[in-house]
Amino acid sequence: MSAYAYKMRETFHEGDTIRDAGLHTPEDIERFDDLVYGPDPKWNRLDVYRPKEKRGKLPVILSIHGGGWVYGDKERYQYYCMRLAQNGFAVINYTYRLAPEFGYPAPLEDTNRVAAWIMENQDEYGLDTDHIFGVGDSAGANTVGLYAAILTNEDYANCYAFSTPEGFMFCALGTFCGTYQVNLYNEEDEITLPLVAEYLQQGGTVVEMDRMNVLKHITKKFPPVFAATGTGDFLKIQIPPLAEALIRNEVAFDIRFYTSEQMELGHDFCCNVRLEKGRECLEDACEFFKKYCD
């Protein structure tokens with residue numbers, strides 16, 4: 001592992017440990033843990049969370065964690081995902097292969113494996129596969145956006161060696177503090193660029209940059225989007241071009257900018273279930289999803 005990736009993992013882990021200290025599984029949530037969804041039992045594991053009082057099939061949220069493509073796993077996202085489940089959804093929280101051990105497009109390949117797992121296991125875990133939603137924060141927003149493009153843009157889907165599972169489709173997306181477009185040659189972005197270099201195995205090309213640019217692959221078939229950012233999110237500058245791309249392709253969207261009189265809402269504030277504004281953001285996203293559950 002490169003020194004930079006190791007440093008980022010250590011830094012992100014310290015912050016998340018402080019954020020989640022003392023949290024536990026809510027009493028109203030049932031969970032199914034460490035289910036293997038792919039050929040690599042170390043990386044290809046997922047959890048399913050459901051509200052206990054809900055029986056039968058529930059609309060599904062597929063959560064793709066952030067972490068700059070070099071960090072994160074389902075354990076770091078369990079409380080955030082269980083908060084989503086408390087809003088009446090069955091939530092799939094999974095670990096995927098990370099850079100630099102695995103480069104692009106490993107997270108997309110693993111997401112496709114999870115999609116297949118959902119379709120194959122819908123009856124056992126009560127998953128309403130007619131109403132599937134995708135959420136992602138930071139780099140996870142990039143991955144969920146790209147996978148949505150694969151599902152809705154045939155030309156873009158042909159860039160990849162895998163086929164998507166029959167019947168799998170997002171009804172809407174929730175993207176939080178997202179990375180929607182990346183550019184290795186934008187020297188002003190001192191945070192994202194080194195992480196992209198790790199993801200692209202130090203050899204990013206213009207073609208790969210284009211393939212990682214969600215905005216270039218949005219079509220009129222792209223699912224509706226709930227996008228959120230906050231006062232202290234360094235990626236809030238990506239919201240205007242996202243809105244422009246959605247408007248140009250006539251895709252419905254709801255963009256929220258969250259503020260707080262008590263604090264500056266930093267990058268990925270929505271993942272902190274202790275923050276009132278973080279909880280508000282997740283609940284707003286779930287209300288947006290429910291409009292597409294009829």
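Basis for what follows: all heavy atoms, side chains included, without hydrogens, waters or symmetry-related copies.
For the pair N153 and T219, the tightest heavy-atom approach, listed with the atom from each and the gap, is ND2-CG2, 3.5 Å.
Using a 4.5 Å heavy-atom cutoff, the side chains of I150 and F162 are in contact. At a threshold of 4.5 Å between non-hydrogen side-chain atoms, the residues R97 and E109 count as touching. Under the 4.5 Å side-chain criterion, counting only non-hydrogen atoms from C-beta, I118 is in contact with F168. For the pair F222/F253, no side-chain contact is recorded, criterion being any heavy-atom separation below 4.5 Å from C-beta on. By the 4.5 Å heavy-atom criterion applied to side chains, L275 and M263 are counted as neighbours. Annotation: side chain of E283 is in contact with side chain of N87 (closest heavy-atom distance under 4.5 Å). A heavy-atom distance below 4.5 Å is found between the side chains of Q78 and Y49. Contact check for M82 versus Q86: no side-chain heavy atoms found under the 4.5 Å cut-off.
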Practice problem: Please step through salt bridge (charged side-chain N to carboxylate O under 4.0 Å, His left out) for the pair R9 and E101, ending with a clear verdict. | Solution: CA-CA 13 Å; R9 285 187 186 178; E101 293 93 333; 2.7 Å; yes
Self-check item: Trace of the side-chain contact (heavy atoms from CB on, under 4.5 Å) decision for F289 with K291
Solution: CA-CA 5 Å; F289 292 164; K291 293 190 297 185; over 6 Å; no
Quiz item: Taking it one step at a time, do N272 and Y79 satisfy side chain to side chain donor-acceptor pair (under 3.5 Å)?
Solution: CA-CA 8 Å; N272 188 344; Y79 303 111; over 6 Å; no
Quiz item: Step by step, would you call S138 with L235 a side-chain contact (heavy atoms from CB on, under 4.5 Å)?
Solution: CA-CA 8 Å; S138 195; L235 290 177; 4.3 Å; yes
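The aromatic ring centroids of Y258 and F269 lie less than 6.0 Å from each other.
The backbone N or O of R19 lies less than 3.5 Å from a partner atom in the side chain of R274, making a donor-acceptor pair. Formation of a donor-acceptor pair under 3.5 Å by the Q238 side chain with backbone atoms of Q181 is found in this model. Side-chain atoms of R50 come within 3.5 Å of backbone atoms of G126 as a donor-acceptor pair (strictly under, hydrogens ignored). With hydrogens and angles disregarded, a donor-acceptor distance shorter than 3.5 Å links the side chain of R279 to the backbone of V273.
Classified by interplanar angle (parallel below 30°, tilted 30° to 60°, perpendicular above 60°), the ring pair W69/Y199 is parallel. A parallel orientation is assigned to the rings of Y156 and H217, their planes being inclined by less than 30° (bins at 30° and 60°).
Using modelled atom types and a 3.5 Å distance limit, the side chains of Y94 and T111 yield a donor-acceptor pair. Residues Q122 and T129 have side chains that bring a donor and an acceptor to within less than 3.5 angstrom of each other. A side-chain N or O of R76 and one of H13 form a donor-acceptor pair less than 3.5 Å apart. Side-chain contact annotation: N44 with Y37, donor-acceptor N/O pair under 3.5 Å present. There is a side-chain donor-acceptor pair under 3.5 Å between H267 and D233.
Note on Y292 and V60: separate hydrophobic clusters, where clusters join Ile, Leu, Val, Met, Phe, Trp and Tyr whose side-chain heavy atoms are under 4.5 Å apart, directly or indirectly.
Ionic pairing of E280 and K277 is present here: one or more N-O contacts between side-chain nitrogen and carboxylate oxygen are shorter than 4.0 angstrom. One finds a salt bridge joining R55 and E30 here, because a Lys/Arg side-chain nitrogen approaches an Asp/Glu carboxylate oxygen to under 4.0 Å. Electrostatic pairing of D33 and R31 counts as a salt bridge here, judged by a charged N lying under 4.0 Å from a carboxylate O. With respect to the salt-bridge test (charged N to carboxylate O, under 4.0 angstrom), the residues K290 and E287 qualify. Using a 4.0 Å cut-off between charged side-chain N and carboxylate O, K52 and E27 make no salt bridge. At a threshold of 4.0 Å, the pair R45-D73 does not count as salt-bridged, since none of the basic side-chain nitrogens sits closer than that to a carboxylate oxygen.
Each of Y71, Y77, Y80 was scored for a ring pair (Phe, Tyr, Trp, His ring centres under 6.0 Å) with H65, with one residue passing: Y77.
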